[in-house]
Peer 1: 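Have a look at this one before I ask anything.
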Amino acid sequence: MRDVCVVGLGLIGGSVLRAAAAAGRVTWGATASQADAVAARADGFDVVGVDAALERARAQDALVVVAVPLPAVEDVLRALPEGVRLTDVVSVKGPVADLVARVAPHARYVGGHPMAGTSASGWAAGDAALFRGAAWVVAADDGADPDVFADVTALALATGAHVVPASAAEHDAAVARVSHLPHVLAAVLASVGADGGPLALSLAAGSFGDGTRVAGSRPELVRAMCEGNRGALLDAVDDALGRLGAARGSLASTGALAKTIEAGHAARLALRDRPEPTTATTVDLTSPDALEVLRDLGARGGRVVALDGTTAHARTS
């Protein structure tokens with residue numbers, strides 16, 4: 001099992017460090033947050049300075065996991081020693097890949113993104129079980145190092161996640177709709193409710209709480225996530241605004257919302273009832289078309305569920 005170095009020990013990075021250690025990996029971490037460093041050490045984890053952590057990763061041929069907000073990624077990349085194995089858990093993939101190509105082209109980089117989290121933050125919010133049953137995107141762009149792709153896949157599987165291969169562009173377009181747009185809509189909904197005054201807030205119940213939960217996340221983290229995926233998020237916002245505009249037009253002209261409500265209800269049921277992928281297949285990660293096959297598998301809702309050397313065992317619908 002490859003050693004793991006995690007840079008950034010907030011909710012996601014702290015959970016990766018815990019989960020990797022629980023899976024039997026040799027782990028250590030680094031963080032710019034003194035509070036998180038003190039708390040992690042108090043919990044028995046090895047936390048050192050960023051430069052020392054990265055040099056140790058080079059010496060031990062470990063996998064470095066960058067788990068800092070997008071605006072802080074460049075500083076970490078500039079500190080990377082030559083030739084390290086590198087992944088990240090940042091919620092956008094295109095901008096990180098561009099930064100790696102510009103700032104740390106010597107790194108052996110394959111991006112990643114676990115689709116798990118809470119509205120809490122910091123080391124104390126982390127949990128070794130956070131990723132169990134979750135999807136973990138591993139970037140399968142052309143030119144990806146198959147050895148590092150296997151490293152990132154193995155780490156994700158070790159945490160209890162399943163792996164969804166996708167290109168950076170495919171990932172960013174998808175999460176704009178199912179992760180970043182919900183943050184924007186939650187912020188708008190929370191503001192609309194608050195503007196209703198004390199009476200509205202005193203009557204707020206389950207639907208308002210569910211719809212605004214992620215608005216409780218730290219604003220600077222939400223901004224980094226959403227603004228970093230500007231292009232794809234604009235497309236998703238335009239789609240949402242078009243649907244809201246149609247709903248308003250229908251409500252104003254006929255008093256009806258049937259089309260909007262029924263379409264949303266059907267979409268939610270489809271999410272709930274989507275079939276689990278059950279058809280077994282394998283992918284040889286050393287084959288010339290492996291990345292293309294993996295991207296197609298992910299686009300069809302498939303997942304990698306196990307890894308045996310360079311053979312990925314997958315399930316498709």
Side-chain angles (χ1 to χ4, degrees), residues 70 90-95 113-119 134-135 137 164 166-277 295-303 317:
L70 180 61
V90 180
S91 64
V92 289
K93 297 276 66 75
H113 180 206
M115 299 301 298
T118 72
S119 59
V137 176
V164 178
S167 71
E170 290 168 335
H171 165 275
D172 290 353
V175 297
R177 291 178 173 270
V178 300
S179 178
H180 303 164
L181 178 63
H183 277 275
V184 175
L185 294 179
V188 171
L189 180 57
S191 296
V192 169
D195 284 351
L199 175 60
L201 293 181
S202 72
L203 299 178
S207 61
F208 187 76
D210 290 344
T212 61
R213 178 184 62 82
V214 295
S217 304
R218 284 170 53 191
E220 67 272 22
L221 298 181
V222 176
R223 285 190 57 196
M225 173 175 64
C226 293
E227 293 169 3
N229 199 21
R230 177 185 175 188
L233 181 55
L234 280 171
D235 289 342
V237 168
D238 286 345
D239 191 349
L241 288 175
R243 293 169 191 264
L244 283 171
R248 189 197 183 284
S250 179
L251 184 62
S253 62
T254 69
L257 287 172
K259 187 174 180 179
T260 298
I261 301 302
E262 288 169 8
H265 181 69
R268 187 65 180 83
L269 292 182
L271 173 65
R272 185 196 68 185
D273 299 334
R274 70 191 189 281
E276 287 292 311
R295 289 194 300 270
D296 179 67
L297 182 149
R300 292 184 290 111
R303 60 184 63 168
S317 299

Peer 1: Excluding sequence neighbours, so at least two apart, what forms side chain to side chain contact (heavy atoms under 4.5 Å, CB included) with Ala116?
Peer 2: Leu130, Phe131, Ala134
Peer 1: List the residues meeting salt bridge (charged side-chain N to carboxylate O under 4.0 Å, His left out) with Arg268, not counting sequence neighbours, and say none if there are none.
Peer 2: none
Peer 1: For Pro277, what residues pass the side chain to side chain contact (heavy atoms under 4.5 Å, CB included) criterion, not counting sequence neighbours?
Peer 2: Arg303, Arg315, Ser317
Peer 1: May I have the list of side-chain donor-acceptor pairs in residues 203-214 shorter than 3.5 Å, sequence neighbours left out?
Peer 2:
| unit_1 | atom_1 | unit_2 | atom_2 | d |
| --- | --- | --- | --- | --- |
| Thr212 | OG1 | Phe208 | O | 2.7 |

Peer 1: Under the rule for salt bridge (charged side-chain N to carboxylate O under 4.0 Å, His left out), what residues qualify as partners of Arg218, not counting sequence neighbours?
Peer 2: Glu220
Peer 1: Looking only at heavy atoms, which two atoms of Leu181 and Ala240 are closest? And how far apart?
Peer 2: CD2-CB, 4.0 Å
Peer 1: Hey, what do you get for CG (Asp235) to CG (Asp172), rounding to the nearest 0.5 Å?
Peer 2: 11.5 Å
Peer 1: Could you pull out all residues at least two apart from Ser167 that satisfy side-chain hydrogen bond (donor to acceptor under 3.5 Å, both in side chains)?
Peer 2: Glu170
Peer 1: According to salt bridge (charged side-chain N to carboxylate O under 4.0 Å, His left out), does anything in residues 244-263 pair up with another residue at least two apart or in another chain? List the pairs.
Peer 2: none
Peer 1: List the atom of Ser91, the atom of Val175, and the distance in Å for their closest heavy-atom pair.
Peer 2: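 For Ser91 versus Val175, the nearest heavy atoms are O-CG2, 3.8 Å.
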Peer 1: How far apart are the closest heavy atoms of Asn229 and Ala176, and which atoms are they?
Peer 2: ND2-CB, 3.6 Å
Peer 1: Side-chain contact test, heavy atoms from C-beta onward, threshold under 4.5 Å: evaluate it for Leu185 versus Leu189 and give yes or no.
Peer 2: no
Peer 1: Kindly state each residue pair satisfying ring-ring contact (aromatic ring centres under 6.0 Å, His included) with at least one member in residues 170-207, sequence neighbours excluded.
Peer 2: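 Output for this query lists His113-His171.
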Peer 1: To the nearest 0.5 Å, what is the distance between CE (Met225) and OG (Ser217)?
Peer 2: 7.0 Å
Peer 1: Leu70 versus Glu227: any side-chain heavy-atom pair under 4.5 Å?
Peer 2: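 Sidechains of Glu227 and Leu70: no contact.
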Peer 1: Using the side chain to side chain contact (heavy atoms under 4.5 Å, CB included) criterion, which residues pair with Ala256? Sequence neighbours excluded.
Peer 2: Ser250, Thr254
Peer 1: Could you list the residues that satisfy side chain to side chain contact (heavy atoms under 4.5 Å, CB included) with Leu234, not counting sequence neighbours?
Peer 2: Arg230
Peer 1: Can you list everything that forms a salt bridge (charged side-chain N to carboxylate O under 4.0 Å, His left out) with Arg177? Sequence neighbours excluded, please.
Peer 2: Asp239
Peer 1: So does Arg300 have more than 12 non-hydrogen atoms from other groups sitting under 6.0 Å from CZ?
Peer 2: yes
